[in-house]
Protein chains: 2
Amino acid sequence: METLNLIKIIAPEAINILEERYLILRTISYNQPIGRRSLSDILGFKERAVRDQVNFLRNQGLLKIDFMGMYITDEGIKTLESLHPVYNQIKGIPELEVKLKKLLNIRKVSILPGNSRDNGMVLRDMGKITSKVLKSLIKDGDIVGITGGSTMAAVAEEFVPDKVKREVTFIPARGGLGRDVETQANSIVATFAKKLGGTYRLLFVPDGLEKEALEYILRNEDMKESLSLIDNMDILIFGIGRADTMAKRRNLPEERVEDLISKGAVAEAFGHYFDVKGNEVWEYKTVGLSLNKFKSLYNVIAVAGGEEKAEAIISIATLNENMILITDEFAAKKILELVDKAT
Amino acid sequence: METLNLIKIIAPEAINILEERYLILRTISYNQPIGRRSLSDILGFKERAVRDQVNFLRNQGLLKIDFMGMYITDEGIKTLESLHPVYNQIKGIPELEVKLKKLLNIRKVSILPGNSRDNGMVLRDMGKITSKVLKSLIKDGDIVGITGGSTMAAVAEEFVPDKVKREVTFIPARGGLGRDVETQANSIVATFAKKLGGTYRLLFVPDGLEKEALEYILRNEDMKESLSLIDNMDILIFGIGRADTMAKRRNLPEERVEDLISKGAVAEAFGHYFDVKGNEVWEYKTVGLSLNKFKSLYNVIAVAGGEEKAEAIISIATLNENMILITDEFAAKKILELVDKAT
DNA sequence: ATACCACGGGACAATATTTGTCCAAACAAA
DNA sequence: TTTGTTTGGACAAATATTGTCCCGTGGTAT
């Protein structure tokens, strides 16, 4: 891999070629079959450049073309797979990971090159990596907590099924996080269970319940069991949100939002709101994972990308030093920038 | 290093660029100061190509130019140094080394890319590598035997002096191998001793002596001491020659040459002649290293390059399986070709 | 059955780059 | 002083790249 730095000195043009061809191959693999023109639109490359590179890649047997468009070949997939770390190296991802891990003082940081907000492929790659990390942590008998959110949905979608099924239980980490997000969490849990094997449990808690109604529900045996599962969870995979966006998505009342703002809320995770220092500012009233349980968990995987989430990530990272963070290049750089500015 | 094979697939142009720039940088480092035109003559590149690449390399700070010509910078030397293994990898040298080591069934094979016969730089590089190997084997108190020949002269010339001097004794492995070669061996021994530190002993034995005269000489105390050193040598570095060329160089009588030919002599080393199977065919009458001593030595370094020596190398390699062979790409490929043809 | 759309690939002129070859000024060596 | 290098500038000719358009094909929605 040291070789690459040498090439940067002695043949920098090669780096550009490499990057261009990598991006083309990758984009095709994610969008096949795709035509020359749409490809150049997606990548922002000139049509002619795409055409030439595509010709090259075809000659190398890395992709096939028919009247429907272009497809990646098996050889291409293999090559693309080996190319990922090379591209990461070119983009300086490994260094970025080390820096960020030190800065946030957490267990591990994985960064995907690019911006998951603008580029669906990056989000999907984040899902793939999360999938790998999860598989490396999970043991038979584990209870795995999951939250909702579009990021988590993507993770579930990209989860690569195993041949070996596992004896694990998936469960939503929180109940009733607004109707949309709630159902989403449930369906994500189902997707995970289907792909990894194992059982799952859904958690339906109506929204905006009064204290008495909540207590009533809690007397239900099924519910008690679910909550005990949550209380004993071994692994948590969760998304991180901006306080403001999440407040809007949940249609919180105006006064609530103002209160959050006045208290400096920047981050939301599993129904809790935090300021930039990681102080809890407010908790959405429902059942599920408590902050204390979260802080005491060892296997905690946070997934969040896009520079707009930088502040939120900084906040959440202070809560648990065992956290494993999966993010993207833009978020990572923004975090470094913010912390640099602060010091 | 795996990276390089990936680059061969995804950006083969890069390999050419790399190779071209490497060769230019290397040639400059060996011939500085050198002008654009002589450089393109040596390399067989078009002047314009050289000019462009040289411009690039200068921009990268790898070489300097003044009115005398081009020089490599310190940065350039460092880069060139790291580039050697990359170039070897491109040329498939590591694979070639493994193949040849197995084929010849000897302890180690080091191959330099190129042809030492046509390219002085390759010969010098062989010298550098030999220098490294020798340093890795040598211990204080060792007696090191040396032979003559143009290859050995180059090795001595390129020997990189150490800061730490060693307590070793250098001695010619054989006496009286024809006047030229003999004096050469003596001067090579002196060069080695000067560069590595330690003492040395010269060995003068007049050529073409009759039995009686030889016996007389052997009674000399000094000579006895020298021969005992040779008999106790710990390390031998020797060149391998073609039987025919060495016979000519020694002005052997016509009948002798015919005899050698009829017996199938192909190789010469330290005054002994061998057929392709490694059977001794004749021994030049003088004092010094015996074949038995040679066969029982553990640290034996053979240095020989150029495809014309392929057969001779094959022959000599059968004599001692502890041999370390330092050769060049052309010889290596020719050896593989010859053996392939034979089977 | 029809009309439409996106596909690859051929074609080609406009434009940019590469290439080969000069030459002059600067300096070293003889 | 003369001769032989050297670099770097210059420039026209040759070659490659680039941007675009069009055409036939076949899938797909209607």
Side-chain angles (χ1 to χ4, degrees), chain A residues 10-77 80 120-121, chain B residues 10-76 120-121:
Chain A
I10 203 75
E13 316 90 303
I15 301 291
N16 299 332
I17 301 178
L18 207 78
E19 198 170 332
E20 211 169 283
R21 293 196 181 145
Y22 168 78
L23 289 175
I24 289 177
L25 200 56
R26 178 169 179 269
T27 308
I28 290 176
S29 93
Y30 269 120
N31 300 82
Q32 58 186 331
I34 186 178
R36 203 206 297 151
R37 273 166 270 257
S38 1
L39 190 56
S40 43
D41 280 351
I42 292 178
L43 289 168
F45 293 177
K46 294 173 185 164
E47 185 194 325
R48 203 44 197 274
V50 167
R51 200 166 165 174
D52 291 342
Q53 302 299 17
V54 154
N55 262 331
F56 169 86
L57 292 170
R58 180 178 47 180
N59 287 337
Q60 296 295 82
L62 305 180
L63 54 87
K64 268 190 310 222
I65 302 182
D66 67 17
F67 50 82
M68 293 280 290
M70 303 175 274
Y71 310 79
I72 191 164
T73 63
D74 290 352
E75 196 59 25
I77 292 174
L80 187 59
M121 293 184 285
Chain B
I10 203 73
E13 316 91 301
I15 301 290
N16 299 332
I17 301 178
L18 206 79
E19 199 170 334
E20 210 168 283
R21 294 198 179 142
Y22 167 77
L23 289 174
I24 289 177
L25 200 56
R26 177 169 179 269
T27 310
I28 291 175
S29 93
Y30 269 119
N31 301 81
Q32 58 185 327
I34 185 176
R36 205 203 296 151
R37 270 166 274 257
S38 0
L39 191 55
S40 41
D41 280 351
I42 293 179
L43 289 168
F45 292 178
K46 296 178 182 159
E47 184 194 327
R48 202 44 197 274
V50 168
R51 199 167 166 174
D52 290 343
Q53 302 300 17
V54 153
N55 262 331
F56 168 86
L57 292 169
R58 179 178 46 179
N59 287 337
Q60 297 295 84
L62 304 180
L63 53 87
K64 268 190 309 221
I65 303 182
D66 68 17
F67 49 83
M68 292 282 288
M70 304 175 274
Y71 310 79
I72 193 164
T73 64
D74 290 352
E75 196 59 23
M121 293 184 284

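So you know, we letter chains A, B, ... as the sequences are listed, proteins then strands, and number each from 1.
- Of the candidates D/dG8, D/dG27, C/dC27, C/dC27 carries the atom nearest the B/Phe67 side chain, counting heavy atoms from C-beta on.
- Residue contacts shown for A/Leu39 are absent, as no nucleic acid heavy atom lies under 4.0 Å away.
- Here the P atom of nucleotide C/dA6 and the CG atom of A/Asn31 are 16 Å apart, to the nearest Å.
- To the nearest angstrom, C1' of D/dT5 lies 12 Å from CZ of B/Arg36.
- Of the candidate nucleotides D/dG8, C/dT19, C/dA28, C/dT19 has the atom lying nearest to any side-chain atom of B/Arg48.
- Per the geometry, CD belonging to B/Glu47 stands 14 Å off C1' belonging to D/dA10, to the nearest Å.
- Between A/Arg37 and A/Asp41 there is no salt bridge, since no side-chain N of the basic residue sits under 4.0 Å from a carboxylate O of the acidic one.
- Nearest-nucleotide positions on DNA chain C for A/Pro33 and B/Met68 put A/Pro33 closer to the 5' end.
- Surrounding CG of B/Asn59 are more than 12 heavy atoms belonging to other residues, nucleotides or ligands, all under 6.0 Å away.
- In this structure, A/Gln53 places its CD atom 17 Å from C1' of C/dG8, rounding to the nearest Å.
- Remark: P of D/dG8 and CD1 of B/Ile65 are 5 Å apart, rounded to the nearest angstrom.
- Atom CG of B/Asn55 and atom P of C/dT18 are 12 Å apart (whole Å).
- Counting heavy-atom neighbours within 6.0 Å of A/Asp74 CG, excluding the residue itself, gives a total of 12 or less.
- Between the base of D/dG19 and the side chain of A/Arg51 there is no donor-acceptor pair shorter than 3.5 Å.
- For D/dG8, one of the phosphate oxygens OP1 or OP2 lies less than 4.0 angstrom from a side-chain nitrogen or oxygen of B/Arg58.
- Interface remark: the B/Arg37 side chain does form a donor-acceptor pair with the D/dT7 base, using a distance-only criterion of under 3.5 Å.
- Atom C1' of nucleotide C/dA6 and atom OH of A/Tyr71 are separated by 12 Å, given to the nearest angstrom.
- The phosphate of D/dT5 (OP1 or OP2) has no side-chain N or O of B/Ser38 nearer than 4.0 angstrom.
- In this structure, B/Lys46 does not reach the C/dT19 phosphate: none of its side-chain N or O atoms is under 4.0 Å from OP1 or OP2.
- Atoms CD1 and CD, on B/Ile17 and B/Glu19 in that order, are 11.5 Å from each other to the nearest 0.5 Å.
- Remark: P of C/dC7 and CD of A/Gln32 are 14 Å apart, rounded to the nearest angstrom.
- In this structure, B/Leu39 and B/Asn31 have side chains that are not in contact, with every pair of non-hydrogen atoms separated by 4.5 Å or more.
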